Amino acid sequence: NAGVTQTPKFQVLKTGQSMTLQCAQDMNHEYMSWYRQDPGMGLRLIHYSVGAGITDQGEVPNGYNVSRSTTEDFPLRLLSAAPSQTSVYFCASSYLGQGMNTEAFFGQGTRLTVV
Amino acid sequence: DQQVKQNSPSLSVQEGRISILNCDYTNSMFDYFLWYKKYPAEGPTFLISISSIKDKNEDGRFTVFLNKSAKHLSLHIVPSQPGDSAVHFCAATSGTYKYIFGTGTRLKVLA
């Protein structure tokens, strides 16, 4: 049981380049989300999905796109990278257990540097 | 507008003593609260949670207290161990899919 898997672990991009951060989970969780972690800012929600085909914006969505074509995968796209997107990105998944809230499970993170 | 606040960026505690980490929130719609710890170069890992219908939840060395009227929660770790040295985040949600995190408190347990 791999849990939440993120690839790549590290990436350096030039300003203006595009890339996709991959996230996959094998726990059949309905909910998936992307966060970024910056010094002194904690974890901030970028986008989230409550199921295949359904996505919505979080606290800091600008510059990022997402889609959810399957339950397992939730890729995050940077269309034109900017130095302000230098950060550590975490993908998380969670589920609604018998109508009750549950915890989110996190991947190991992707450290992205935009130069 | 920060909905979840951790006002202490760091905390140092002697091994074996109690660690108390604090968190405040502003959104009265939050009904589920969580604590995570994070080591460098790793993803956050879940520690303990509490529903808004409770005011206390215990799991081994970890106890979370919730004061709804004050919109305040705290995490007690006793006894503190060196492995507890990490950044601890509190988080809140009203729907399991949209967690709002605080800025974290770096706990250092001194041997």
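Values below: every heavy atom of this structure, side chains too, minus hydrogens, waters and symmetry copies. Predicted, not measured: the structure shown is a model, and the values here were computed from it. Chain naming here is simple, since letters A, B, ... match the order of the sequence lines and numbering starts at 1 in each.
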Enquirer: Does a donor on one side chain and an acceptor on the other come within less than 3.5 Å for B:Asn67 and B:Ser69?
Expert: yes

Enquirer: Between B:Ser85 and B:Tyr39, what is the shortest heavy-atom contact and its length?
Expert: O-CE2, 3.3 Å

Enquirer: So which residue, B:Ala91, B:Pro44, B:Gly102, B:Pro9, ends up with the most heavy-atom pairs under 4.5 Å with chain A?
Expert: B:Pro44

Enquirer: To the nearest 0.5 Å, tell me how far A:Leu13 CG sits from A:Thr86 OG1.
Expert: 8.5 Å

Enquirer: Side chain, backbone, both or neither: which part of A:Leu45 has an atom under 4.5 Å from a heavy atom of chain B?
Expert: side chain

Enquirer: Given the rule in the side-chain contact (heavy atoms from CB on, under 4.5 Å) test, do B:Phe89 and B:Thr105 qualify, once you have shown the distances and angles that lead to the verdict?
Expert: CA-CA 7 Å; B:Phe89 291 99; B:Thr105 296; over 6 Å; no

Enquirer: So which residue, B:Val87, B:Thr45, B:Asp31, ends up with the most heavy-atom pairs under 4.5 Å with chain A?
Expert: B:Asp31

Enquirer: Quick one: do A:Asp38 and A:Arg44 make a salt bridge, cutoff under 4.0 Å?
Expert: yes

Enquirer: Check this for me, if you would: do B:Glu58 and B:Lys56 make a salt bridge, where the nitrogen-to-carboxylate-oxygen distance has to be below 4.0 angstrom?
Expert: yes

Enquirer: For B:Ala41, is it the side chain, the backbone, both or neither that has a heavy atom under 4.5 Å from a heavy atom of chain A?
Expert: backbone

Enquirer: Between CD of A:Gln85 and CG of A:Leu78, what distance do you get to the nearest 0.5 Å?
Expert: 4.5 Å

Enquirer: To the nearest 0.5 Å, tell me how far A:Arg36 CZ sits from A:Leu76 CG.
Expert: 10.5 Å

Enquirer: Residue by residue, scan residues 46-67 of chain A and write down, ordered by number, those that have a heavy-atom distance under 4.5 Å to chain B; if none do, write 'none'.
Expert: A:Tyr48, A:Val50, A:Glu59

Enquirer: Can you tell which part of A:Gln6 gets under 4.5 Å to a heavy atom of chain B, answering side chain, backbone, both or neither?
Expert: neither

